[in-house]
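Reading through the structure tokens given below for one structure.
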Amino acid sequence: MVAPLTGRLAPLGSPLSYVLRRLAPRLAHVRNGGRRYDVSVAVRDSRSDPHAARQAVRDLADADGAHLVLTMAGTRVLPAVTDACEQAGVPCVSTTFPWQAYVHTRGAEPGHRFRWTYHFAWGLDDIAAVFADLWERVDGRGAVGCLWNDDLQGGLLRHDRYGFAPVTSPRGHTLVDLGAYREPSDGFQAQVGRMREHGAGLVTSAATATDLALFHRQAREAGLRPRLITCSRWLTYPHTHTTPAPDVHGELADARVATLVYWSPGHPYRSSLDGTTCAELAHAYEQDTGAAWLQPLGLAHALLETAHHALAVADDPTDRASVAQAIGGTSLDTLAGRLDWTRGPTPNVALLPLVGGQWHHGPQGPRLAIVSNSAHPGVRLTGELTPAR
């Protein structure tokens, strides 16, 4: 396992480490073809850095003789892991960001088939569809200001094939690019000006919490108040390691931020390993750690379920090529939903559905409520979408 135990992505490492400890007894061995195999798990810290992540893969492949690598990371670290696995000839299963980004960051196009590396997630088109549903509930078909950076995320969101426009334009939405910015930003005066110029009452973004809070504050100071902000990437769960909580969370509590939801305690799934429900895992995490549940918890659990399944059904679980072939043929019900690599939107990818959530703030702190389930009616609503006044 290559996990961001330290560095800016450490909030991803926490649920991964927790699930690994929780499932350790069940992961200690696997039965395949009537034979019992002992399983050892080696964990290497990516340090949230691409170079360290590549070295971690080399260590796992060479020193540890890994038959399978698992990882959760960001848009720079995850491709470093997957590319290193592809080069080393080690099967890899990854998750945490849209499949188009997974393909694009590796210099490939949809339809390309990797030999060793597999991913499960959702698409940029799925995010766009969820956000469009939220916009329509608040402001019909009004102009939407797009606060997108000048890096990979912004480029993909603007993409004429992969991005938001192919999904939202046919639904009648006008996307207004507020202008690319460099992260971290020292000011959004130009973007606020474009928002005023185009009369954008809604804003969508993939900004960090810090940048989004700065934008919202400067918009308010200019007399503008977005009725709703939809934000992916950083706002799907609280980045407590990287966010100066008092001012940032206070500002965002006032911003009515909605986001995508890929996993929650209310999702109707069970573990393929022991039947644990989403609600039970979330409750256990909160009881054992004292921290609130967070979305990557379900993905981390599904990673380990997939690994166990692949080793159990591979023709030879000690042969890397056999394990990779087993992953490619996997269709498995997990705690994150059904993962089916035989029907992906592109080779090597299994798709997860999304619903819409909004951060509601109360005496116990922020709570991610499910406010839209059009794409997945099996997930019950736990709150109402509330626009800013």
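All figures in this text were calculated on a predicted structure; none of them were measured in a lab.
Ring geometry, Phe164 versus Trp148: the interplanar angle exceeds 60°, so the pair is classed perpendicular (tilted spans 30 to 60°). Ring geometry for Tyr102 against His119 counts as parallel: the plane angle stays under 30°, on a 0 to 90° scale with 60° as the upper cut. Taking the six-membered ring where tryptophan is involved, the planes of Trp135 and Phe131 are tilted, since the angle between them lies from 30° to 60°. Between Trp122 and Tyr262, the two ring planes are parallel [angle under 30°; tilted spans 30° to 60°].
Judged purely by distance below 3.5 Å, without hydrogens or angles, the side chains of Thr204 and Thr230 pair a donor atom with an acceptor atom. No side-chain donor from either of Arg270 and Thr276 sits under 3.5 Å from a side-chain acceptor of the other. Defined by atom type and a distance below 3.5 Å, a donor-acceptor pair is present between the side-chain atoms of Arg58 and Gln55. Side-chain contact, Tyr285 with Ser14: a donor N or O sits under 3.5 Å from an acceptor N or O.
A pairwise comparison of heavy atoms in Val261 and His267 identifies CG1-CE1, 4.0 Å as the closest pair. When all heavy atoms of Asp333 and Glu305 are compared, the closest pair comes out as O-OE1, 3.9 Å.
The existence of a salt bridge linking Arg115 and Glu86 is excluded, since no basic side-chain nitrogen approaches an acidic carboxylate oxygen closer than 4.0 Å.
Pro317 meets the side chain to side chain contact (heavy atoms under 4.5 Å, CB included) test with Asn32, Tyr37, Leu311; sequence neighbours excluded.
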